[in-house]
2 protein chains.
Amino acid sequence: MDPQQLRTFVTVVDHRSFSAAAQALGYTQSAISQHIAALEADLAAPLLFRRPVAPTEAGERLLEHARPLLLRLDAARADIARLRQERPGRLALACTPGALTPATALALVRARTATPRLVASVRMCGRAEAVQAVLTGTADLALVDGAVAPSDPLPLPDAAPLPAFPVSEEPLAVLLPATHPLAGRPALRLADLAAARWIDAPDAAVPLAQLRAAAQSDGFGHQLTYTGTDIRGLSVLVAAGAGLTTAALPAAKDLPGIAAIPITEPRIVHRTELLHPRTPTSPTAELLDALRPKQSH
Amino acid sequence: MDPQQLRTFVTVVDHRSFSAAAQALGYTQSAISQHIAALEADLAAPLLFRRPVAPTEAGERLLEHARPLLLRLDAARADIARLRQERPGRLALACTPGALTPATALALVRARTATPRLVASVRMCGRAEAVQAVLTGTADLALVDGAVAPSDPLPLPDAAPLPAFPVSEEPLAVLLPATHPLAGRPALRLADLAAARWIDAPDAAVPLAQLRAAAQSDGFGHQLTYTGTDIRGLSVLVAAGAGLTTAALPAAKDLPGIAAIPITEPRIVHRTELLHPRTPTSPTAELLDALRPKQSH
DNA sequence: CCATGGGTATCAGTATCTCTGATGCTGGAT
DNA sequence: ATCCAGCATCAGAGATACTGATACCCATGG
C-alpha cells in the first residue's frame, strides 16, 4: 500500500477510467492496471468494478482513508518545508466567503503596510480547500466560518489537526425572500424551518450538514445544491424562492430582495476561526499575533 | 516518503539507534541508514542528529505526522479486512479503567449468553491503545472514558475518525486522602484545587490534560506521573498524600482511605463513550445495538 | 450473427531500485 | 593515542516497476 498506488487509486476513481487516470498521472495504462492489481492483491479484496469503473464496497472504505492519507503526507512535507522558510515575503490567506470581516481585513491591510515588499494575497474558496491550502503550504493562514453551538469548535476535516482560534462571532441568520410570509419577524426558531425547502450551498454559505449537527435534527432536506463561493448568486436564488440558506447576520443584511432573520433557538452562532500552521514563519506570525484574542492567564 | 521508510524513521527514533532499529525491523543496519538518507534527501532536511541519535526540529515535525499516518494505513487495511468477516465468533472489547460500568458489563454477559460459541474478551488499557485497537481491528469495540463539558464529545486521537456514542455519564469526583482538610465537604469547585498537587495518571484515571481543557485553565501542574491502568495502586498514592486525581464518582466512592468529592464547578461530567468500526460485523453489531441509546426521531 | 471499437488485463523485457555484506569513517571513552 | 561502538558508503545480486505490444472482454451497431 504505497502512496503512489493510493494516488493512482483515487485518480482512477475520480476519472472513472484506467486510461484517463494513466494520462492524468503520466503513466501508461498498463502501469495503472498493475497498480490496482497490486493493491487488490495486497488487501485481498476487489476494489473496483470494471466497465464501468466504480469503487466496490472495499474500494469505498479505502477511499475514505486514501484521500486524507495523501493529504497528510503532503501536510508533513509542507510542515518540514516551512522550517526552511522558503517564502519570507509572502502572506497568503485562504478564506471562505462568510469569514472575511472588516476587522480581519483591516489587520491584513495593517500587516501589508507595516512590512514593505510583502506580497499579500487572499483566495476565496470552500472550506475543504481552505484547510487543505494551509496543510499543504499553499496558504499561510485560513479563515473558515461555520455554524455551531456557542461552546463548540468548528468541525474540520480529519486529515490532520490544525491549531485554530476564533476571530469573530455573530448571530446566525436565515435568508428568506423579502416577500416570504415570515420575512417580517424579528427572530425565528430553526425548528420551525426544518421542513422548509433549503438550498445546500456548502462553499458559499453554511453547509446544511452543519445546521443538522448544530440543531441535532434530521431535517433540512435540500432540493437544490449550489456550487461556488459567490453569495450574491446564491441570494438571487433565495430571492426567487428556490429555497432558504443561513449566513452570518451582518453579511446577509444588505442583500437585495432578501430578509435576514436572526435565529434564536437552538443556541447557534456563526463563528469564523483562523487556522494556522504549527510553526508559522515571519510575516504570518505577526498577523497571527495581531488577530489572536488577548487572554489574561 | 513511502510508509516503509516512515516506519523505519519512527523505529529509529524509538530505539534512539540505527542498529537497534535494524534488528527490530529485520533489516541490516545498512538498509536503515539508506532509508533515513533517502528520507532526508527527499525532504531536503536533516531529520536526525547522529551520535547520539535524536530527532531534529524537522524530525519532530515528521514524527507528528508519521505515527498517525502509519496508524491510519493499518486502519484502512483493517476496515477492508473487516468486510471479509474473518472472525465471526469473536467479540473483543478494549476498555479504559473508568469506562466499564455494571450496565455495559451486563450487556456483554447477555450477548455472551445469547450467542453460543462466542469468544468474548475484555482488555483493559489506556485511551490511545484502546482507540488504536479498534482502528487496527485488534478489538471490535472500545469503551473510553474522560472528563468533558456536558455537551462536548470526548477528545480522541487524530489518526482517523471513529463513530462513537455515549453509554453513561456520571458526576466527576476529586479523589482526596480521607484525612484531607477538604475531605468532609459535600462538593468542591475545581478552581479551588488548581494549585493543589496533582498526580497525572492518564491511563488509570482522567488525564490532567483533559481537566485543563475542560476547565479552560493552565493550572493542574503535576509532580508525579502514574503509568498503568490500575486504579487501586493509584488510590494508595492518593491516600498517602502524593497528590490528587479525578475519576467517576461511583467508581471512586469505595476506595479505601479515599474521599471522593463531586465537582460542581465548572460543569464537567465524566462520560464514557463506545467507539466502534464503521461497519461492525455480526456479534459486534448486536452488542452495539443493545447499548445504543434509543432515540425517537 | 459478426464486426468494430473503446477499454482493461497480461506478458516480456529492460531500467531502476532496494536490499545485503564488506568495509570505511567518526566521535567519544579509556 | 588507541580502541570501539555505531553510522556511512560501496558494489553487486535479486527484486521491482515501468513501457510497449498484444490479448481479451464487453457493448454497440450493422
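Reminder, nothing fancy here: chain letters follow the sequence lines and each chain counts from 1. Keep in mind that the numbers below use all heavy atoms, side chains included, and drop hydrogens, waters and symmetry copies.
- By the salt bridge (charged side-chain N to carboxylate O under 4.0 Å, His left out) test, A:E40 pairs with A:R50, sequence neighbours left out.
- For the pair B:H35 NE2 and D:dC7 C1', the interatomic distance rounds to 16 Å; values are reported in whole Å.
- Nearest heavy-atom pair across A:A58 and A:A45 is CB-CB, 4.0 Å.
- Here the shortest heavy-atom pairing between B:V144 and B:T96 reads CA-OG1, 3.5 Å.
- Judged as a ring pair (Phe, Tyr, Trp, His ring centres under 6.0 Å), the pairs with a partner in residues 33-61 of chain A (not counting sequence neighbours) are, in order, A:Y27-A:H35.
- At a threshold of 4.0 Å, the pair A:R278-A:D79 does not count as salt-bridged, since none of the basic side-chain nitrogens sits closer than that to a carboxylate oxygen.
- If you find the closest nucleotide of DNA chain D to B:V53 and to A:S30, the one lying nearer the 5' end belongs to B:V53.
- Using a 4.0 Å cutoff to heavy atoms of chain B, the contacted part of DNA chain C runs 5' to 3' from C:dC19 to C:dG27.
- A salt bridge does not link B:D74 to B:R77: none of the charged side-chain nitrogens sits closer than 4.0 Å to a carboxylate oxygen.
- Among the atoms of the strands shown, only primed sugar atoms or phosphate atoms (P, OP1, OP2) are found under 4.0 Å from some heavy atom of B:S19.
- In this entry the distance linking CG of A:L39 with P of D:dA17 reads 11 Å, nearest Å.
- Comparing D:dC7, D:dC26, D:dC18 by their nearest atom to the side chain of A:A31 picks out D:dC18.
- If you take CZ of A:R50 and C1' of D:dC24, they are 14 Å apart, rounded to a whole angstrom.
- Between A:Q4 and B:Q34, the residue whose closest nucleotide on DNA chain D is further toward the 5' end is B:Q34.
- A:T28 contributes no side-chain N or O that forms a donor-acceptor pair with the base of D:dG20 under 3.5 Å.
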